[in-house]
Amino acid sequence: MSVRDELRRNMPLFPIGIVTKLTELSPRQIRYYEQQGLIRPERTKGNQRLFSFNDVDRLLQIKSYLEKGLNLAGVREMFKQNQQVLEAKREVERVKKELTERELRRMLKQQIIHPNRPGQIPLTHGEMSRFFRH
DNA sequence: GTTCTCACA
DNA sequence: TGTGAGTA
């Protein structure tokens, strides 16, 4: 998902009346979930809540968890764990990418030092391009 | 008309 | 969690 899409998804757009129709949650429930720290909708200058697409998605997630028998503490725990899983995945990807770059740099160095060496695996333009400005 | 906060005969 | 009061 692009940065622009991410910005769109976080835009404060919907007043609570729209969100109640989107989620079939009562205003009371939505405000209570906010009070419990499960969502953080933006506010207008007049102190009215404005919800983003992400807020709506999160509310639907909350509703889904509640319907599966969790209480709010359970929902909070699920969110926390989900975030930890996401962070762990990002870390794995970061390390994998780091190793890949290191390996490519080593191959590039070998190719420069020993051009046309027998058995040398030529780096493709695609791989090389990672080391130059676009 | 909608939303906000607060309180509960 | 619902609902009504009194506001903004």
Side-chain angles (χ1 to χ4, degrees):
Chain A
M1 190 180 298
S2 74
V3 178
R4 290 174 61 188
D5 291 337
E6 193 60 40
L7 285 176
R8 277 192 246 283
R9 294 191 60 76
N10 281 318
M11 283 184 178
L13 300 173
F14 315 113
I16 198 167
I18 301 296
V19 179
T20 59
K21 292 176 181 173
L22 253 29
T23 63
E24 292 182 294
L25 292 166
S26 69
R28 177 75 165 89
Q29 287 176 300
I30 295 171
R31 295 184 185 116
Y32 183 61
Y33 300 157
E34 177 187 13
Q35 188 184 341
Q36 296 306 306
L38 269 40
I39 51 171
R40 287 185 16 165
E42 209 65 51
R43 296 281 183 144
T44 67
K45 294 182 180 179
N47 198 36
Q48 297 198 350
R49 275 167 265 252
L50 281 184
F51 299 79
S52 66
F53 281 111
N54 279 336
D55 290 326
V56 174
D57 285 343
R58 199 164 169 85
L59 284 168
L60 290 173
Q61 268 289 300
I62 295 171
K63 188 181 177 187
S64 168
Y65 285 138
L66 292 177
E67 287 169 349
K68 288 175 181 172
L70 294 183
N71 55 25
L72 289 191
V75 174
R76 212 189 327 269
E77 198 57 34
M78 290 295 287
F79 283 154
K80 194 203 302 178
Q81 288 189 25
N82 286 347
Q83 182 174 341
Q84 287 176 350
V85 168
L86 275 183
E87 288 173 0
K89 284 184 177 178
R90 288 203 182 97
E91 178 64 6
V92 167
E93 287 307 309
R94 190 186 68 74
V95 172
K96 279 167 70 176
K97 183 180 179 186
E98 189 177 288
L99 289 176
T100 300
E101 303 236 346
R102 188 178 302 163
E103 185 67 10
L104 280 172
R105 286 177 191 284
R106 192 184 64 77
M107 293 173 69
L108 180 59
K109 189 176 175 183
Q110 287 300 311
Q111 181 151 311
I112 292 174
I113 297 176
H114 305 292
N116 304 320
R117 194 184 198 181
Q120 174 109 31
I121 302 171
L123 292 170
T124 68
H125 285 12
E127 288 165 336
M128 300 278 286
S129 71
R130 299 178 59 183
F131 301 107
F132 298 95
R133 289 200 182 88
H134 289 171

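Chain identifiers are assigned alphabetically (A, B, ...) following the order of the sequence lines, protein sequences preceding nucleic acid strands; residue numbering begins at 1 within each chain.
Geometrically, A:Arg58 engages A:Phe79 in a cation-pi contact defined by less than 6.0 Å to the ring centre and at most 45° from the axis.
One finds no salt bridge joining A:Arg28 and A:Glu34 here, because no Lys/Arg side-chain nitrogen approaches an Asp/Glu carboxylate oxygen to under 4.0 Å. Electrostatic pairing of A:Glu93 and A:Lys97 does not count as a salt bridge here, judged by no charged N lying under 4.0 Å from a carboxylate O. A:Arg90 and A:Glu87 are not joined by a salt bridge, as no carboxylate oxygen comes within less than 4.0 angstrom of a charged side-chain nitrogen.
We find that CZ of A:Arg49 is positioned 17 Å from P of C:dA8, with the value rounded to whole Å. Rounded to whole angstrom, the span from the CG atom of A:Leu50 across to the P atom of B:dT3 amounts to 10 Å. Taking atom CD of A:Glu34 as the reference point, atom C1' of B:dT3 lies 13 Å away to the nearest angstrom. Here B:dT2 presents its P atom at 19 Å from CZ of A:Arg43, a figure rounded to the nearest Å. A straight line from OH of A:Tyr32 to P of B:dT5 spans 15 Å, rounded to a whole angstrom. Residue A:Ile16 contributes atom CD1, which lies 9 Å from atom C1' of B:dC4 at whole-angstrom precision. Put simply, CZ on A:Phe14 is 18 Å from P on B:dT2, counting in whole angstrom units. One interatomic measurement links the two molecules: NZ of A:Lys45 to C1' of C:dA8, which rounds to 16 Å at whole-angstrom precision.
Note on A:Arg31: a base of the nucleic acid sits closer than 4.0 angstrom, heavy atoms only. When heavy atoms are screened at a 4.0 angstrom cut-off, A:Pro15 is found touching the sugar-phosphate backbone but no base atom. Residue contacts shown for A:Gly46 are absent, as no nucleic acid heavy atom lies under 4.0 Å away.
Pair assignment for B:dT3: none, as no Watson-Crick or G-U wobble contacts are both less than 3.5 Å. C:dT1 is unpaired under the criterion used here, namely a Watson-Crick or G-U wobble arrangement in which both key atom distances are under 3.5 Å.
Counting heavy atoms of neighbouring residues, nucleotides and ligands inside a 6.0 Å radius, atom CZ of A:Arg43 exceeds 12 of them.
Positionally, the nearest nucleotide of DNA chain B for A:Gln48 lies more toward the 5' end than for the other of A:Gln48 and A:Arg28.
Contact annotation: A:Tyr33 reaches the phosphate of C:dT1 (side-chain N/O to OP1 or OP2, under 4.0 Å).
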